Amino acid sequence: MAFRRRKSYPLFSQEFVIHNHADIGFFFVLCVLIGLMFEVTAKTAFIFILPQYNSTIQSLDGEILYYHYGVKDLVTILFYVVIAIILHAIVQEYILDKINKRLHLSKVKQSRFNESGQLAAFHLASMFWCLYVSTTEGYLSSPKTLWESYPHVYLPFQVKFFYLCQLAYWLHALPELYFQKVKKEEVPRQLQYIVLYLLHITGAYLLNLTRLGLILLLLQSVAEFLFHIARLFYFTDENNQKLFNAWGIVFVITRLFTLTLSVLTIGFGLARAEVHTFNPDKGDFNTLLFRMVVLLLMCISQTWMMWRFIHFQLRRWREFCKEQAARKRLAAVAMVKQQAKVLKRESGYHENGVVKAENGSTPRQKKIKSP
């Protein structure tokens, strides 16, 4: 894979890292893949590529391979962070940059267009991936599985791999703030949702609430995909705001479903198998204090998101009212000017006490014939 280099920079300088980070990442991935070819390095290379901590469990269907989490997951996450950086560069250079050249957007709009383009692609893939995993594992067809047999210490391969990739994507978003030269004013806003995603996904992964987290991520991906698609259409045509209305409805429904599922699973479902003390060795955190803290954090995060949503809608409403008022003023001024032209055309105008015609000439007086 070769990325276009527009300029040459000194090796390991700041400009070199920013403009060639994808090539550096590709070189790292290539080294890991080459390591698979040799027996000495193959064992180490597999730690980067495949999820670790697998164990075989006997069941009625035979032996089934499951996974649990551990410190070596950090190595696997690091590898897929580099993969995410490479994919980010591919989408940016071969799709978004070409669209930007045709649209001729300002720098501020171009930055937000790139952000929404990247997140729309990610949430689309995440949405279908969540739907596939939830369907094949039976979480959608049987909601009881969200809390039954807690703690869910042993995970199927696709569930663990999904969580590792989710963590890798949101961790890769941190260095991308530097690589994409995001403005200082935009950094706090982007850091907010990056940290929120990392906290929620990490919490669900470490507290063995992966089944509930998977469904909530599916709902969130649908809402976020609609939002970023609406932004992309808005940047291409500012009059196109209908998708924002559809996103608003989906966003509110998502918040309601998130709170409902959280209360149903954590407040009622896990209460049936409550323990009195924490048991980190078995991964069982199902105590009253644990459930209360998790529900409180969920309520705070959902309330904060609703407040941001209401603030966004009020700002849109104020901007719409200003635009309507400006259009009415322009229409009124145009109407007055048109009426003035009509009156001037009909009656002419006076200059130094003499009636002038529209072309500036004095009208000829009619001669009165004598009887």
Side-chain angles (χ1 to χ4, degrees), residues 51-73 76-77 126 129-167 196-221 254-302:
Q52 302 301 305
Y53 303 104
N54 57 334
S55 57
T56 304
I57 298 177
Q58 293 289 339
S59 67
L60 297 175
D61 299 328
E63 293 184 351
I64 301 178
L65 192 64
Y66 285 101
Y67 295 82
H68 58 93
Y69 60 78
V71 181
K72 291 182 181 178
D73 289 343
T76 310
I77 290 172
S126 181
W129 198 357
C130 276
L131 184 62
Y132 174 78
V133 175
S134 302
T135 305
T136 54
E137 294 296 330
Y139 302 153
L140 289 177
S141 58
S142 180
K144 289 183 180 181
T145 56
L146 298 180
W147 60 82
E148 283 183 345
S149 304
Y150 182 84
H152 308 136
V153 178
Y154 296 103
L155 307 174
F157 171 83
Q158 59 181 354
V159 175
K160 177 166 182 174
F161 188 64
F162 172 80
Y163 271 92
L164 294 180
C165 290
Q166 287 283 326
L167 290 171
L196 271 176
Y197 271 104
L198 284 173
L199 287 176
H200 282 76
I201 296 170
T202 305
Y205 186 63
L206 296 179
L207 298 175
N208 298 314
L209 293 170
T210 50
R211 298 179 183 181
L212 175 64
L214 200 65
I215 302 299
L216 297 185
L217 278 174
L218 173 60
L219 295 172
Q220 183 66 17
S221 296
T254 301
R255 303 281 74 78
L256 292 174
F257 268 91
T258 299
L259 284 174
T260 303
L261 280 174
S262 300
V263 172
L264 180 65
T265 303
I266 300 171
F268 294 100
L270 293 182
R272 299 178 181 180
E274 182 181 335
V275 295
H276 297 290
T277 56
F278 284 105
N279 195 346
D281 296 334
K282 293 184 178 180
D284 195 348
F285 306 96
N286 189 14
T287 62
L288 180 61
L289 178 62
F290 160 78
R291 296 200 309 275
M292 293 297 292
V293 170
V294 172
L295 281 177
L296 179 63
L297 292 176
M298 289 295 296
C299 290
I300 290 173
S301 64
Q302 298 305 308

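As a basis for the values below, the full set of heavy atoms in this structure was taken, side chains included, without hydrogen atoms, waters or symmetry mates. Quick caveat, the model's predicted, so the values are computed rather than measured.
- A distance of 6.0 Å or more separates the ring centres of Tyr69 and Tyr53.
- With a 4.5 Å cut-off on side-chain heavy atoms, Leu264 and Leu146 do not count as touching.
- Pairing each heavy atom of Gly213 with each of Ala204, the nearest pair is CA-CB, 4.2 Å.
- Counting only distance, with no hydrogens or angles, the side chain of Tyr163 and the backbone of Leu214 share a donor-acceptor pair below 3.5 Å.
- For the atom pair CG (Leu270) and CG (Asp284), the distance works out to 9.0 Å, reported to the nearest 0.5 Å.
- Under the 4.5 Å side-chain criterion, counting only non-hydrogen atoms from C-beta, Tyr205 is in contact with Leu155.
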Q) Stepwise, does the side chain to side chain contact (heavy atoms under 4.5 Å, CB included) test hold for Leu297 with Leu199? A) CA-CA 11 Å; Leu297 292 176; Leu199 287 176; over 6 Å; no
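- With values rounded to the nearest 0.5 angstrom, Thr210 atom OG1 is found 7.0 Å from Asn208 atom CG.
- For the side-chain contact (heavy atoms from CB on, under 4.5 Å) test, residues two or more places apart in sequence or in another chain that qualify with Ser262 are Leu216, Thr258, Leu295, Met298.
- The closest side-chain heavy-atom distance from Glu137 to Gln158 is below 4.5 Å.
- The environment of Tyr66 atom OH is sparse: at most 12 non-hydrogen atoms of other residues, nucleotides or ligands sit within 6.0 angstrom.
- By the 4.5 Å heavy-atom criterion applied to side chains, Tyr67 and Leu164 are not counted as neighbours.
- To the nearest 0.5 Å, the span separating CG on Leu209 from CZ on Arg211 amounts to 11.0 Å.
- If you take CG on Leu217 and CG on Leu131, they are separated by 13.0 Å, rounding to the nearest 0.5 Å.
- Leu167 places none of its side-chain heavy atoms less than 4.5 Å from the side chain of Asp73.
- By the 4.5 Å heavy-atom criterion applied to side chains, Tyr154 and Ile64 are not counted as neighbours.
- To the nearest 0.5 Å, atoms CD1 (Ile201) and CD (Gln220) are separated by 9.5 Å.
- The distance between the ring centers of Tyr150 and His152 falls below 6.0 angstrom.
- Taking the side chain as every heavy atom from C-beta outward, Leu65 and Phe157 never approach each other to under 4.5 Å.
- Sorted by first and then second residue, the side-chain hydrogen bond (donor to acceptor under 3.5 Å, both in side chains) pairs with a member in residues 286-296 read Glu274-Arg291, Asn286-Arg291; sequence neighbours excluded.
- Looking at heavy atoms from C-beta onward, Phe161 lies in side-chain contact with Trp129 at the 4.5 angstrom threshold.
- Across all non-hydrogen atoms, the minimal contact from Gly283 to Pro151 is O-CB, 3.1 Å.
- Note: Glu148 CD to Thr145 OG1 = 7.0 Å, rounded to the nearest 0.5 Å.
- The minimum heavy-atom distance linking Phe162 with Cys130 is given by the pair CZ-SG, 3.1 Å.
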Q.
Working note: Thr76 + Gln52, criterion side chain to side chain donor-acceptor pair (under 3.5 Å); need CA distance, chi angles, decisive distance, verdict.
A. CA-CA 8 Å; Thr76 310; Gln52 302 301 305; 5.0 Å; no
